[in-house]
Novice: 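Take a look at this one; I'll ask things after.
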Amino acid sequence: MSMTIEQSGNKESLGRKIGIMGGTFDPIHFGHLVTAEAALASFDLDQVVFVPSGKPPHKKDYHVTDAEARYLMTIMAVATNAHFRVSRMEIDRKGYSYAIDTVKGFKELYGQDTELFFITGADAILEILTWKKVERLLGLCQFIAATRPGFDLQALDQVLTKLPALRGRLHFLEVPALAISSSDIRRRVSEGRPIKYLLPETVEHYIYKTGLYQDRNETGEER
Ligand code: ATP
Ligand code: MG
């Protein structure tokens with residue numbers, strides 16, 4: 001069983017460049033994992049820490065799966081990668097999770113001179129202006145934006161104009177054409193369609209074993 005970063009002790013052994021991969025992970029899939037691996041290699045990171053969200057502020061509109069189940073699926077998915085970890089930071093925090101609180105938490109955990117890279121889909125960067133204390137956040141970490149197939153980079157121009165501090169702190173990462181999303185996986189399960197090869201087998205088995213996403217109302221698309 002892999003350890004949480006909170007359990008793994010000794011700051012020195014943890015390295016200097018850390019990627020933070022936040023997400024709902026409802027469920028985690030190969031899009032997330034390929035992105036994390038690409039970030040690790042391209043930015044020479046020592047490790048990537050997956051941070052399943054507690055109560056996500058931007059997903060109030062559907063029933064998000066219990067945090068412990070999302071955490072378990074994330075643990076299972078990263079178990080085979082020595083450079084991947086999972087953090088309970090957001091799950092154990094009460095109330096909504098904001099990136100600024102998580103990044104501050106990681107700075108305390110790893111030491112102030114550890115370089116932090118917040119890994120996110122480029123689509124999420126389009127909403128960065130709505131994030132809590134975004135200017136402060138940019139002072140604490142850099143951003144790696146994974147571009148999904150079909151993403152229009154020009155859409156970011158407006159954001160960069162409104163938030164010049166983002167320039168130089170934002171890096172792009174092209175990931176292989178992975179048009180995989182958690183919402184599509186949830187919909188597939190509720191409709192009895194296959195999810196094989198979209199996510200790790202262990203996670204696939206866990207979903208079927210526990211009956212997750214069987215109920216249409218839980219997938220979020222049918223409300
Ligand atoms: P949903 O369909 O419910 O929105 P999701 O597949 O986008 O789920 P999240 O948990 O919301 O998954 O994503 C966590 C992070 O991973 C976000 O920054 C998101 O942009 C990014 N991400 C999600 N899917 C992919 C993918 N296929 N390739 C690259 N990045 C992805
Ligand atoms: Mg999403």
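Side chains included, hydrogens not; waters and symmetry mates left out as well; all remaining heavy atoms used. Order of listing sets the numbers, starting from 1, for every ligand and every atom in it. Keep in mind that what you see is a predicted model, and the values were worked out from it rather than measured. Sequence positions, counted from 1, serve as the residue numbers for this chain.
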Novice: Can you find an N or O of Phe25 that's nearer than 3.5 Å to an N or O of ligand 1?
Specialist: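 Yes - when backbone and side-chain N and O of Phe25 are compared with those of ligand 1, one distance drops under 3.5 Å.
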Novice: Less than 4.0 Å between a side-chain N and a carboxylate O, is that true for Asp66 and Arg70?
Specialist: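 Salt bridge absent between Arg70 and Asp66.
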Novice: Using a 4.0 Å cutoff against the non-hydrogen atoms of Gly22, which atoms of ligand 1 qualify?
Specialist: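 Near Gly22, the atoms of ligand 1 are 14 (C), 15 (C).
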Novice: Does Asp26 approach ligand 1 within less than 4.0 angstrom via side chain, backbone, both or neither, non-hydrogen atoms only?
Specialist: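 It is neither part, as no heavy atom is under 4.0 Å.
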Novice: Can a cation-pi geometry be assigned to Arg88 and Tyr71, taking NZ or CZ under 6.0 Å from the six-membered ring centre and within 45° of the ring axis?
Specialist: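 Checked: cation-pi criterion met.
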Novice: Go through ligand 1 atom by atom and flag the ones less than 4.0 Å from a non-hydrogen atom of Thr120.
Specialist: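 Answer for ligand 1: 18 (O).
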Novice: Which of the atoms of ligand 1 are close to Gly23, meaning less than 4.0 Å from one of its heavy atoms?
Specialist: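 So the answer, numbered in order with elements, is 10 (O), 14 (C).
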Novice: Need the ligand 1 atom indices (1-based, order shown) with element for anything under 4.0 Å from a heavy-atom of His29.
Specialist: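 Answer, ordered by atom number: 6 (O), 24 (N), 25 (C), 27 (N).
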Novice: Numbering the atoms of ligand 1 from 1, which are under 4.0 Å from a heavy atom of Ile180?
Specialist: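 Result: 24 (N), 26 (C), 27 (N).
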Novice: Under 4.0 Å from a heavy atom of Met21: which atoms of ligand 1 are those, numbered in the order shown and with their elements?
Specialist: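 Selected atoms, number and element: 16 (O).
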Novice: Is it true that Thr35 lies under 4.0 Å from ligand 1, counting heavy atoms only?
Specialist: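 Distance cut 4.0 Å: Thr35 passes for ligand 1.
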Novice: Relative to the heavy atoms of Arg186, which atoms of ligand 1 are at a distance of less than 4.0 Å?
Specialist: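 That gives atoms 3 (O) of ligand 1.
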Novice: Does ligand 1 have an atom that lies less than 4.0 angstrom from a heavy atom of Ser53?
Specialist: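 Per 4.0 Å heavy-atom rule, Ser53 does not contact ligand 1.
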Novice: May I ask you to check whether Phe143 and Phe117 place their ring centres under 6.0 Å from each other?
Specialist: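 For Phe117 and Phe143, the ring centres are not under 6.0 Å apart.
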Novice: Answer with yes or no after comparing the ring centroid distance for His171 and Phe43 against a 6.0 Å cut-off, counting only values under it.
Specialist: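 Ring-ring flag for His171/Phe43: true, centres closer than 6.0 Å.
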Novice: Would you say the side-chain atoms of Asp26 and Thr65 include a donor-acceptor pair closer than 3.5 Å?
Specialist: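 Note: Asp26 and Thr65 side chains meet the donor-acceptor criterion.
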Novice: Suppose I only count heavy atoms of Ser181 and a 4.0 Å limit; which atoms of ligand 1 are within that range?
Specialist: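 Per the distance check, 2 (O), 6 (O).
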Novice: What residues, two or more places apart in sequence or in another chain, satisfy ring-ring contact (aromatic ring centres under 6.0 Å, His included) together with Phe30?
Specialist: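 For Phe30, no residue satisfies ring-ring contact (aromatic ring centres under 6.0 Å, His included) once neighbours in sequence are set aside.
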Novice: Could you work out, with side-chain contact (heavy atoms from CB on, under 4.5 Å) as the rule, every residue matching Leu129, not counting sequence neighbours?
Specialist: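 Counting only residues at least two positions away or on another chain, Leu129 forms a side-chain contact (heavy atoms from CB on, under 4.5 Å) with Val159, Lys162, Leu163.
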Novice: Taking atom types as modelled, find out whether Glu90 and Thr102 have a side-chain donor-acceptor pair closer than 3.5 angstrom.
Specialist: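 Yes.
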Novice: So which of Ala124, Ser182, Pro52 gets nearest to atom 8 (O) of ligand 1, if we judge by its closest heavy atom?
Specialist: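 Among Ala124, Ser182, Pro52, the closest heavy atom to atom 8 (O) of ligand 1 belongs to Ser182.
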Novice: I'd like to know whether Asn81 forms a side chain to side chain contact (heavy atoms under 4.5 Å, CB included) with Glu37, so could you lay out the CA-CA distance, the side-chain angles of the two residues, the decisive distance to 0.1 Å, and finally the verdict.
Specialist: CA-CA 9 Å; Asn81 192 315; Glu37 183 65 25; 2.9 Å; yes
